[in-house]
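Contents: one structure, followed by commentary.
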Amino acid sequence: MNNKKLFAAVVGLGLVTLSACGSSSDEGSGAGSKTVTLVSHDSWAVSKNVLADFEKKSGYKVKVLEDGDAGQAVNKAILTKDNPQGDVFFGVDNTLLSRALDNGLFQSYEAKGADGIKAEYRVDQDKHRVTPIDTGDICVNYDKAYFSAHKLAPPTSYDDLIKPAYKNLLVTENASTSSPGLGFLLGSAAKYGDGGTSRSSGAESGGGWQGYWKKLKANGVKVVDGWEQAYNEEFSGSAGGKKAKADRPLVVSYASSPPAEVIYADPKPKTAPTGVADGTCFRQTEYAGLLSNAKNTKGGKAFLDFLLTKEFQDDMPLNMFVYPVVEGAQVPAEFTEYGPQAENPETMDPAKIADHRDDWVKSWTSLVLK
């Protein structure tokens, strides 16, 4: 998801970056153009041979415009929707989906292969303005070496994170500027509500998610702007964090981060140096859509069809470290061994996110950052 490509580069080999794929002399995107332009957050990645195969079969050249964090990219796409930068937008997730739909960012198109998408990821079935592409879990990751050295069991739940044993150990991202930061906030809201009881333990949350975050703040949670800073500069368990002499052994990241630490390490360790606190996960799904007022709608539709092919869905996990959403797509063995999806992640209906997201972020900002 966000910054996964940067993550891979930091820990070792790096991934294919396609900030401007295709010849600079190609004609601009238009109704008769043979260039299709994808607008995305900066985590987009695909294998060169897979993209080349699409270009050969379709006759279109692909140009990719990467535009920062998911929230930033969505907001800019909304502001430019009358004269969009491209034809297809990839990377709006369930935390921001309602903002995109309510602002008319996408036009209707049911991509070929949509009937193969797993039922739990389908949304907007009456209008087909977006197509589910991938999914993953935002979870707290922990540094195994730290907890072993301190003879302390790593946390397994939201409740654990507010216990004195974990004081000053957690770093998370700003919920107003970061997709995983927002996902962690929404996970706590799904867990505790606006006032009530923790479903897993019966422990009083002390006023819903707000009460929980007051306790988390009192327990020394550190907040930084984005994932790259949190994971690669503040988290002691990552390859980047080790180089930076980071001192926080808990970080909000993804369930797929541990396998990435194995895959991109040299030499590869026998086991992942990091683990996931399974009881802190929030399920995230990313979508793509044909932009309203896209100049090359035919090319955009062909590209959306491509994103649901088995070739792309099989290729995607080890490029963007997310799970495929199409039935029958292959999940890498490393994911199964080191980063399986959470069995019972927190979830939230997109309509509820739409109703509360902005107010919750304002409350969170006032509560945690001031």
Side-chain angles (χ1 to χ4, degrees), residues 1-15 42-43 69 136-150 152-158 160-163 165-175 177-185 187-188 216-217 219-266 268-269 271-282 284 320-322 334 338-339 342 368-369:
M1 303 252 193
N2 293 334
N3 289 310
K4 287 298 179 65
K5 185 167 54 187
L6 178 57
F7 165 72
V10 170
V11 298
L13 301 179
L15 294 172
D42 58 12
S43 297
D69 182 85
D137 295 324
I138 295 169
C139 312
V140 170
N141 284 208
Y142 60 85
D143 177 358
K144 290 180 179 179
Y146 174 92
F147 287 96
S148 176
H150 288 77
L152 176 65
T156 61
S157 67
Y158 287 97
D160 282 348
L161 298 173
I162 59 177
K163 293 177 178 178
Y166 305 103
K167 187 176 180 66
N168 298 326
L169 300 187
L170 176 66
V171 59
T172 188
E173 301 85 359
N174 190 326
T177 59
S178 166
S179 179
L182 177 56
F184 189 56
L185 167 59
S188 67
L216 206 57
K217 183 178 181 180
N219 211 36
V221 65
K222 184 174 185 177
V223 179
V224 297
D225 285 340
W227 179 88
E228 193 278 331
Q229 182 182 357
Y231 194 87
N232 288 313
E233 297 179 21
E234 302 287 345
F235 177 47
S236 63
S238 70
K242 288 181 175 67
K243 292 179 182 178
K245 300 188 185 306
D247 60 2
R248 294 266 164 165
L250 298 173
V251 65
V252 173
S253 190
Y254 296 90
S256 55
S257 295
E261 288 289 347
V262 174
I263 292 166
Y264 291 103
D266 185 17
K268 290 185 179 181
T271 60
T274 60
V276 169
D278 289 338
T280 64
C281 298
F282 179 79
Q284 186 182 46
M320 293 191 282
F321 285 86
V322 288
E334 294 92 340
Y338 304 116
V368 179
L369 300 184

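Values reported hereafter were calculated over all heavy atoms of this structure, with side chains retained and with hydrogens, waters and symmetry mates removed. Numbers here simply count residues along the sequence, with the first being 1.
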Of the non-hydrogen atoms in [X] and [Y], which two are nearest, and what is the gap between them?
X	Y	answer
I138	G183	CD1-CA, 3.7 Å
A246	S236	O-CB, 3.4 Å
Y146	L169	OH-CD2, 3.5 Å
A255	P258	O-CD, 3.3 Å
I263	K268	O-CE, 3.4 Å
F147	P249	CE1-O, 3.8 Å

Non-neighbouring partners of Y158 that pass ring pair (Phe, Tyr, Trp, His ring centres under 6.0 Å), sequence neighbours left out: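 For Y158, the residues satisfying ring pair (Phe, Tyr, Trp, His ring centres under 6.0 Å) (neighbours in sequence not counted) are F184.
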
Within-4.5 Å side-chain heavy-atom neighbours: Q284 and S179: yes

Minimum side-chain heavy-atom gap V224-E234 below 4.5 Å: yes

[X] side, atom [atom1]; [Y] side, atom [atom2] - distance, nearest 0.5 Å:
X	Y	atom1	atom2	value
R248	E233	CZ	CD	14.0 Å
W227	T172	CH2	OG1	13.0 Å
Y231	S253	OH	OG	5.5 Å
E261	D143	CD	CG	9.5 Å
N232	K243	CG	NZ	9.5 Å
Y142	L152	OH	CG	11.5 Å

Side-chain (K144) to main-chain (G275) donor-acceptor, under 3.5 angstrom: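 Pair absent, no side-chain N/O of K144 close to backbone of G275.
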
side-chain contact (heavy atoms from CB on, under 4.5 Å) assessment of L161 paired with N219: CA-CA 8 Å; L161 298 173; N219 211 36; over 6 Å; no

L182/F282 under side-chain contact (heavy atoms from CB on, under 4.5 Å): CA gap, chis, key distance, verdict: CA-CA 10 Å; L182 177 56; F282 179 79; over 6 Å; no

Side chain to side chain contact (heavy atoms under 4.5 Å, CB included) partners of N174, counting only residues at least two apart: S176, T177, V223, D225, W364, L369

Qualifying residues under side chain to side chain contact (heavy atoms under 4.5 Å, CB included), relative to A342, sequence neighbours excluded: D137, C281, P345

Pair V252-E173, side-chain contact (heavy atoms from CB on, under 4.5 Å): steps then yes or no: CA-CA 7 Å; V252 173; E173 301 85 359; 3.4 Å; yes

Check against side-chain contact (heavy atoms from CB on, under 4.5 Å), C139 and T280: CA-CA 5 Å; C139 312; T280 64; 4.1 Å; yes

Distance-only side-chain donor-acceptor flag, N141 / T274, under 3.5 Å: no

